[in-house]
**Student:** 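First, the structure itself, so that you have it in front of you.
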Amino acid sequence: MRGQRQITITGIQPAARLLAGLCLLAVAACKPPEEPRYTPDKAIAAEGLQVIKQAGCAACHEIPGVTWPAGRLGPSLRGFDDIGLIAGALPNTAENLAAFLRNAPAVKPGSTMPPIPITPDEARAAAAYLYGIDDDV
Amino acid sequence: MFDALWGWPPPVLDPAGPYADKVTVLAWVLLALGVIVTAIVCAALWVAIKGPPRWKQRLGGESAVWIGGIAFPGVVLTALLFWGLTLTADLTDDITGNEQRIRVTGEMWWFRVQYLDEAGRVVMEDANEIHIPVGQPVVLELRSADVIHNFWVPHLSGKKDMVPGRTNLLRIQAGEAGQFGGVCAEYCGGPHALMGFVALAHEPADYARWQQARLQRLAGPNTTGGVGRQLFMESGCGACHRVAGTEANGLAGPDLTHVGTRATLGAGILPNHRGTLIGWIGDSQGIKPGNRMPSYDTLSAAELTAIAQWLEQQR
């Protein structure tokens, strides 16, 4: 345990130090490394990233993998693979996401996000990319 | 604009018109001569280090300095200078009256585009987009409203500075129809890297139709209306932007009379559709930090959408 050796606090009994170390270990064990719940086809996801860049999605959304722009008008899509509902309305599935990307107001009435001029295939590719984002550190 | 900077073949080596052809020829000849001179220098270096003593002696002699150090570069560089200037001389030829005249003014951080008639009067205004006919020369009158900018469409020409207080002429001609990215190639502060435009080359018949449609639109009243128009006016957009046929007559920012037809938004940086329009109006500072349009984050989603919908109709 390198971490323990680096922290040297003088004046504390070795037993107390051991106890503190065990507590830290127990806390660290609470959160197992998360598995991405959806693993998209790499080629399709790469295509999706191109679609996202060309359609200018990042004008309103911060999107992992897109360095510029990182618009703030819409929600950030960082950690998108872990969110519960798409736009707080639809179950987070790749199919729902593809439909939402192409015509958001049709699947979620009143949505701020307007219809985006992309083909169904492009929408599916973009959804594969977004849904497959695994940016847990 | 980004397709001006990368792609395969590199745009700068992929000329799409006669003037760009010349620039590309010049570039290749310069590169070839550079390679030859580098090879000669390397060979001389090898001789100086490892060559036989007799060669070394000759290389160190006075005649080698006179020939290799003065005569050779003098002759080659002078010849190259005259040839290069002759080759590219007609890129800056004066206006003869047979070309389409377009005045392009660099402003922080976008391009004002004005189509001129033979007498130099402004016929129509646009921004960040230059429409040209294929196979016909176009004279660009390049100006600047503030600092030095630079006009560069790698597919169509070399770079040309836009200098405050001056009008620099640049001829371009497209050999084929298509869309070519352009950029400001002189650092002009703040979001300089996000200052671009597109040049769209149309077949002559299509170009005439395009011109006709624009003039027709300018001649008639602006019949578009609704909540979007009302919000646009109430929010004060018209103080900086002009929309022909409405009370919006601002001159500080890009003319939005034909914004619905544009290929890009934000000076060549975003595709133009309702989504990016909303994003730009609501948070232009997040997209292009430091640009002169404030983010209209006081408008609601429904209001932004209404304005974007109205702007889409400005064609």
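Residue numbers begin at 1 in each chain, while the letters A, B, ... track the order of the sequences. Every value quoted in this text rests on a predicted model; they were computed, and no experiment measured them.
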**Student:** Between the side chain of B:R217 and the main-chain N/O of B:A244, is any donor-acceptor distance below 3.5 Å?
**Tutor:** yes
**Student:** Which answer fits B:Q309, side chain, backbone, both or neither, if we ask what part of it has an atom under 4.5 Å from a heavy atom of chain A?
**Tutor:** neither
**Student:** Quick one: does any side-chain atom of B:R262 pair with a main-chain N or O of B:E129 as donor and acceptor, under 3.5 Å?
**Tutor:** no
**Student:** Do you know which of B:G282, B:P271, B:A301 has the most heavy-atom pairs under 4.5 Å to chain A?
**Tutor:** B:P271
**Student:** For B:W152 together with B:F197, are the ring centres under 6.0 Å from each other?
**Tutor:** no
**Student:** Looking at chain A, which one of B:I287, B:T305, B:L194 has the largest number of heavy-atom pairs inside 4.5 Å, strictly under?
**Tutor:** B:I287
**Student:** Between B:L277 and chain A, with a heavy-atom cut-off of 4.5 Å, which part of the residue counts as in contact: side chain, backbone, both or neither?
**Tutor:** neither
**Student:** At a 4.5 Å cut-off on heavy atoms, which part of B:L265 comes close to chain A: side chain, backbone, both, or neither?
**Tutor:** neither
**Student:** With only heavy atoms counted, which part of B:I278 is less than 4.5 Å from chain A, the side chain, the backbone, both or neither?
**Tutor:** both
**Student:** Does the ring centre of B:W210 sit less than 6.0 Å away from the ring centre of B:H131?
**Tutor:** yes
**Student:** Under 6.0 Å from the ring centre and within 45 degrees of the ring axis: does the NZ or CZ of B:R292 meet both conditions for the six-membered ring of B:W109?
**Tutor:** yes
